[in-house]
Amino acid sequence: MSQPHSRGPQLARFAALLADETRASFCLALLDGRAWTAGELARLAGVAPSTTSEHLSRLVEGGLLAEERQGRHRYVRLAGPQIAQLIEDLSGHAAPPPAPRTLGAASAGAAMARARTCYDHLAGRLGTAITDAMLERGLLQGATGFSLTDAGLVWFRDLGVDLSGTPRGRRPMARSCLDWTERRPHLAGVAGAALCRHALDAGWCVRIGSQRALRVSEDGQRALRALLGVRIADLQDL
């Protein structure tokens, strides 16, 4: 068995993949859970296509991204939920971003803080409010890390989401994910992903813009108030 210190070079090389502003920006953008083309990421970061291709190749080779090709287009996505968790957790420990300089940037930042996706689960004030409500109602317990209670499993089943047959692999049924804007945990894991998917499929939440921000529809407002007592008006900016 190798000594822990013998893996130092490998860890340093892995960490170096994110020690670049452009590559870090790519990974943050891909937290929306969708596949992006190289051209879309190039425009996002404001770099040349050749530079984008070089960065993406490093991220794919390093295991942070997975790629697929359709015709002449190259699509990339995060390699899986564990990578998404790593990126989000690191973001939660980073210093807060600088104050926005334009009204558009301020509006976009406010929308992301209110409600967004974190890879495949709900985040922002919406995500933490839902998590708090589930804890208060005994659907979720957080004494030793998040886990669904029996009442929580029934709640999901009544919602039309049967978690018993959901393939899990190495992914936990429920886990806490540090929200980088709220600096508090929101629900992730299999249950968090299922709830987010249901919210999008049922039209409770609608994607806005080209990033991760969400808008809660009128149907979603009624459903969240009836099911969990979450009032969307309380999540708006003061």
Side-chain angles (χ1 to χ4, degrees), residues 7 9-92 94 97 108 111-112 115-124 127 161 165-172 175 177 180 188-203 205-215:
R7 301 198 66 190
Q10 288 86 351
L11 178 59
R13 283 194 291 272
F14 184 79
L17 292 172
L18 292 172
D20 176 273
E21 186 174 338
T22 299
R23 291 196 292 273
S25 297
F26 289 169
C27 290
L28 287 171
L30 291 166
L31 274 175
D32 68 358
R34 294 178 288 184
W36 288 48
T37 66
E40 290 169 335
L41 290 171
R43 288 190 291 274
L44 170 81
V47 296
S50 58
T51 302
T52 298
S53 181
E54 180 181 344
H55 283 309
L56 293 180
S57 293
R58 290 193 61 181
L59 291 168
V60 170
E61 290 169 4
L64 286 171
L65 302 186
E67 72 173 340
E68 54 188 81
R69 294 183 180 272
Q70 291 187 8
R72 62 186 181 87
H73 292 294
R74 180 191 194 186
Y75 289 87
V76 292
R77 63 172 72 247
L78 293 179
Q82 291 178 319
I83 298 299
Q85 177 184 347
L86 172 67
I87 301 299
E88 188 73 11
D89 285 349
L90 288 173
S91 299
M112 286 276 284
R116 66 179 182 276
T117 55
C118 171
Y119 187 56
D120 61 0
H121 52 273
L122 299 171
V161 179
T166 305
R168 292 172 54 183
R170 295 165 56 191
R171 195 176 193 188
R175 70 166 182 85
C177 179
W180 64 267
V190 172
L195 182 57
C196 179
R197 187 165 55 249
H198 181 82
L200 291 169
D201 291 346
C205 293
V206 180
R207 295 185 187 274
I208 56 176
S210 59
Q211 298 192 41
R212 295 188 281 150
L214 299 173
R215 175 180 58 82

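- The side-chain heavy atoms of R197 and D120, taken from C-beta on, include no pair separated by under 4.5 Å.
- Applying the side chain to side chain donor-acceptor pair (under 3.5 Å) rule to S57 yields the partners R74; only residues at least two apart in sequence or on another chain are considered.
- The closest donor-acceptor contact from the side chain of R175 to the backbone of A188 lies at 3.5 Å or more, if one exists at all.
- Side-chain contact between F26 and L64: absent, with no pair of heavy atoms (C-beta onward) separated by less than 4.5 Å.
- In this structure, SG on C118 lies 9.5 Å from CE on M112, to the nearest 0.5 angstrom.
- Among residues two or more places apart in sequence or in another chain, the side chain to side chain contact (heavy atoms under 4.5 Å, CB included) test is passed with D20 by T22, R23, H55.
- Across C177 and E88, no two heavy atoms sit closer than the pair SG-CG, 3.5 Å.
- What you find for H121 and A193 is that their closest heavy atoms are CB-N, 4.1 Å.
- Within the model, atoms CD of E40 and OG1 of T52 stand 11.5 Å from one another, a figure rounded to the nearest 0.5 Å.
- Interatomic distance, R77 CZ to D32 CG, rounded to the nearest 0.5 Å: 9.5 Å.
- The two residues L122 and C196 make their nearest non-hydrogen contact at CD2-SG, 3.8 Å.
- Pairing each heavy atom of Y119 with each of L30, the nearest pair is CD1-O, 4.4 Å.
- When the salt bridge (charged side-chain N to carboxylate O under 4.0 Å, His left out) test is applied to E21, no partner is found at least two apart in sequence or on another chain.
- Residues passing the side chain to side chain donor-acceptor pair (under 3.5 Å) test with E54, sequence neighbours excluded: none.
- Every residue meeting the side chain to side chain contact (heavy atoms under 4.5 Å, CB included) condition with A202, not counting sequence neighbours, appears here in chain and number order: H198, W204.
- Scored by the side chain to side chain contact (heavy atoms under 4.5 Å, CB included) test, L28 finds L31, I87, S91 as partners (sequence neighbours excluded).
- If you take CG on L59 and CD on E67, they are separated by 11.0 Å, rounding to the nearest 0.5 Å.
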What do the steps show when you test R207 against L214 for side-chain contact (heavy atoms from CB on, under 4.5 Å), and what is the final call? CA-CA 5 Å; R207 295 185 187 274; L214 299 173; 3.9 Å; yes
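- Atoms CG and CG, from L78 and L65 in turn, are 6.0 Å apart once rounded to the nearest 0.5 Å.
- Summarising the geometry, atom OG belonging to S25 is positioned 10.0 Å from atom CG belonging to L41; distances are rounded to the nearest 0.5 Å.
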